[in-house]
Amino acid sequence: SDEDQWNAPLASSAIVKAEDALSSLNSFTTQAVKRFGCEIDLEVDRENDLLKQMLRKYKNPGFDVTRPLCVEFVGEAGVDAGGVTREFFHLLMERLKKQGVSVNLFEGQVGHLVPINNYDVLSGGLFVQAGKMILHSILNDCHGVPGLSPAVVSYVISGRRDAAVAHVCVEDIPDPVLAEHLTKVC
């Protein structure tokens, strides 16, 4: 029924067999929490767009987000004992939220940021890459992207549209004129 489709998770059993989904989830979790192997040495240039630099890295199939990072900023002395990595991920997460630049992924107010409605961004796989960056941040003991809409967060966590709808509010509409008209109608 329509209600069943609305409430179904993204990877519903009609699409993915339960045992395959469970096996995939267990495999991913095992790899994600594994902290073995060499660190990935990452050289970052503060003078250039951080997101563009990282999109090249994260699109590379050989870039393993389950491995910890050892970050070095170009032209800066220092040894990464964790602090440089945290600064890198802080800067990267802030750049993900930034609007009005060459590559925009989110729009709206901080606390109600929603993914931008842009076919080029979606078809280019940029949201997948952003998801990898956020996951890598969390696996490196850093925070994800603060400021997302509670509706977006609940959708990502649950994979259910009804969970997201329960948190949608007028502030989640990035177009101020449309939000104002909707407020008047309500």
Side-chain angles (χ1 to χ4, degrees), residues 24-159 167 171-172 174:
S24 295
L25 181 60
N26 285 336
S27 172
F28 172 78
T29 305
T30 302
Q31 290 178 2
V33 297
K34 196 185 312 177
R35 305 295 289 207
F36 302 115
C38 301
E39 294 177 332
I40 299 173
D41 291 328
L42 185 64
E43 191 173 88
V44 180
D45 185 357
R46 287 184 195 260
E47 301 300 317
N48 293 320
D49 186 352
L50 189 58
L51 182 57
K52 285 184 177 180
Q53 292 176 65
M54 292 307 104
L55 283 172
R56 283 189 221 110
K57 297 282 186 191
Y58 282 86
K59 280 188 173 185
N60 181 346
F63 192 80
D64 186 358
V65 298
T66 64
R67 291 175 49 196
L69 289 180
C70 180
V71 178
E72 178 182 332
F73 288 105
V74 173
E76 298 180 22
V79 175
D80 187 2
V84 179
T85 296
R86 281 191 295 282
E87 180 182 4
F88 160 74
F89 277 119
H90 171 75
L91 295 172
L92 182 59
M93 296 302 111
E94 289 299 312
R95 174 55 186 89
L96 284 175
K97 297 187 307 185
K98 194 171 184 178
Q99 301 173 36
V101 288
S102 60
V103 179
N104 294 318
L105 296 178
F106 297 97
E107 61 184 343
Q109 309 167 34
V110 174
H112 296 281
L113 292 171
V114 294
I116 194 165
N117 186 13
N118 182 314
Y119 178 77
D120 293 333
V121 171
L122 182 62
S123 65
L126 298 184
F127 289 120
V128 172
Q129 303 313 318
K132 288 180 181 179
M133 292 174 199
I134 295 166
L135 172 65
H136 205 188
S137 166
I138 293 167
L139 292 175
N140 277 273
D141 298 324
C142 301
H143 300 290
V145 178
L148 295 178
S149 162
V152 171
V153 172
S154 67
Y155 181 72
V156 168
I157 290 171
S158 70
H167 297 283
E171 290 82 12
D172 291 339

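In what follows, every heavy atom counts, from backbone to side chain, and hydrogens, waters and symmetry copies are set aside.
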F73 side chain near E87 side chain, heavy-atom distance below 4.5 Å:
yes

Answer yes or no: is there a side-chain heavy-atom contact under 4.5 Å between V74 and R46?
no

Nearest-0.5 Å distance that lies between atom NZ in K59 and atom NZ in K132
10.0 Å

Contact between R56 and N60 at the side-chain level, heavy atoms closer than 4.5 Å - yes or no?
no

Which label fits F127 and F106: parallel for a plane angle under 30°, tilted from 30 to 60°, or perpendicular past 60°?
perpendicular

Identify the heavy atoms of L135 and V65 that sit nearest to each other, and give their distance.
CD2-CG2, 4.1 Å

Listed partners of E43 passing side chain to side chain donor-acceptor pair (under 3.5 Å), at least two apart
none

With heavy-atom distances below 4.5 Å as the criterion, would you say the side chains of M54 and L42 are in contact?
yes

d(L91 CG, F88 CZ) to nearest 0.5 Å is 8.5 Å

Could you check whether D172 and S149, counting side-chain N and O atoms only, form a donor-acceptor pair closer than 3.5 Å?
yes

Got a sec: does the CD of E47 have more than 12 other heavy atoms crowding it under 6.0 Å?
no

So CG of D80 and OG1 of T85: to nearest 0.5 Å the spacing works out to 3.0 Å

How many angstroms lie between atom CD of Q129 and atom CE of M133, to the nearest 0.5 angstrom?
6.5 Å

Which donor-acceptor pairs under 3.5 Å do side chains of residues 92-99 form with protein atoms, sequence neighbours excluded?
residue: E94; atom: OE2; partner: K97; partner atom: NZ; Å: 3.2
residue: R95; atom: NE; partner: D49; partner atom: OD1; Å: 2.8
residue: R95; atom: NH1; partner: V103; partner atom: O; Å: 3.1
residue: R95; atom: NH2; partner: D49; partner atom: OD2; Å: 3.1
residue: R95; atom: NH2; partner: V103; partner atom: O; Å: 3.0
residue: K97; atom: NZ; partner: P146; partner atom: O; Å: 3.3
residue: Q99; atom: NE2; partner: G108; partner atom: O; Å: 2.8

With a 4.5 Å heavy-atom cut-off, do F89 and I138 have their side chains touching?
no

Nearest 0.5 angstrom please: E107 CD to N117 CG, how far?
7.0 Å

I'd like to know if the side chain of Q53 reaches the main chain of V44, judged simply by a donor and an acceptor atom lying under 3.5 Å from each other, with no hydrogens or angles considered.
no

Search all heavy atoms of P150 against all heavy atoms of H167 and return the closest pair with its distance.
C-CB, 3.9 Å

Enter the distance from I134:CD1 to C142:SG here, rounded to the nearest 0.5 Å.
13.0 Å

Mind checking what makes side chain to side chain contact (heavy atoms under 4.5 Å, CB included) contact with V110, not counting sequence neighbours?
none

Is there side-chain contact between L55 and L126, with at least one heavy-atom pair below 4.5 Å?
yes

Can a donor-acceptor pair be found, under 3.5 Å and without considering hydrogens, that links the side chain of H136 to the backbone of R67?
yes

